[in-house]
Undergrad: 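The structure's right below; bear with me while I get my questions together.
If you're wondering where the values come from, they're calculated on a predicted model, not measured in any experiment. One-based numbering, in listed order, for ligands and for the atoms of each.
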Amino acid sequence: MDEHAEVLVVGGGIVGLGVAWQLAEHGRRVRVFDAGRAGRGASWAAAGMLAPSAEIGFEELDLHALGRESLSRWRSFAAALETASGAEVGYRDDGTLVVADDRDSARALRRLFAFQTEHEAPVEWLSGDQAAEIEPLLSPRLPAAIWAPQDHQVDHRAVVQALALAARAAGAEVVEDTPVARVRPDGAAPGLVLADGTRLDARAVVLAAGAWSAGVEGLTPSAPVRGVKGQALALRLDPERGLDLRHVVRGPDAYLVPKADGRLVIGGTSEDGVADVRTTAGGVYRLLEGAVSIVPAVEEMEWVEAWAAHRPAAQDHAPLLGQSAHPGVFYATGHYRHGILLAPVTAQEVAAEIGRFLDGLPETAPVLAPFSPFRFD
Ligand code: GLY
């Protein structure tokens, strides 16, 4: 048995750190292993939208419900995290606009609105003029918008840094630059083999390695998660020149997320089957074109940077949450576009499920049931 830990977490992104923090707060001894720097993968590359109404699509009813459940927990999760870490995480409740930029996209938006209202999403239909009253930099040619006042955002980079601080403060160990080669699910207790050959035993293992989950050996079948490349870029807001946005704006081809540090994040491409994380001229071009079509003043903004990462996606684009076929090996991966939104519900519910397992009470929380790792069997 690893003398340092009863739970070993593979992956130090927002999900792994969140689960580790919650376990450590409940008195569990936890070690997290990240192949690089904790929080610098998909969690860092994200935009920080907390947007179940704007981001989750038709027919994803279980995912929409999970997203709304997690959003309802975000404000108190952020407050608890700020207290535990001593760091601010920039929770903002300014709301989100989903806009159409032509007649076809207005028709698609109308269908989305009908679906959302049928499922009691808290949204309003706006004309282009009404949307421009909320966000004056919107193009005057936009035909329509959906206003999602309860779709919020957070400073996701501050969140992962705060989670590492809070997890460590609660007694967890966060080990960086230490890749995990294998999960060992078949011994008397589950364990890990690190890439340097070190073998560790524990009472439970959590696979939270995002897009790299399928590459961790030892599980049968391996985690059914693939990477979907996303490129994004940042420009500089400049309120003195009138270049300012207050709300998240989501258009047909790009979303714009104003951050508290003065950057405007514009994302995100969705490139399935692309293994590299190069930023490309085509990716940046499509994002800027999509952004300018809804906020023309983007053309005037100063360039800051571009980046790319892989989102972890299961076949149905919903996360894998809960115990795997191997007793004591838990999944918390496959969060695709929603890792930041789903962080509180994942951290709290997966940690609670592991706690029940460690205490010999193997029930599954109803909120996790639709996301069982067995659902593809
Ligand atoms: N949630 C933003 C993205 O995946 O691009």
Undergrad: Relative to the heavy atoms of Glu55, which atoms of ligand 1 are at a distance of less than 4.0 Å?
TA: 1 (N), 2 (C)
Undergrad: Please round to the nearest 0.5 Å and tell me the distance separating atom CD1 of Ile146 and atom CG of Leu126.
TA: 9.0 Å
Undergrad: Between ligand 1 and Tyr336, can you find any atom pair, the residue atom being a heavy atom, that is separated by under 4.0 Å?
TA: no
Undergrad: For atom 5 (O) of ligand 1, grab the closest protein heavy atom and report residue, atom and distance to one decimal in Å.
TA: Tyr255 OH, 2.5 Å
Undergrad: Taking the ring of Tyr91 and the ring of Phe77, is the distance between their centroids below 6.0 Å?
TA: no
Undergrad: More than 12 non-hydrogen atoms from neighbouring residues, nucleotides or ligands closer than 6.0 Å to CZ on Arg37, yes or no?
TA: no
Undergrad: What protein heavy atom sits nearest atom 4 (O) of ligand 1, and how far away is it?
TA: Arg311 NE, 2.7 Å
Undergrad: Do the ring centers of His26 and Trp21 come within less than 6.0 Å of each other?
TA: no
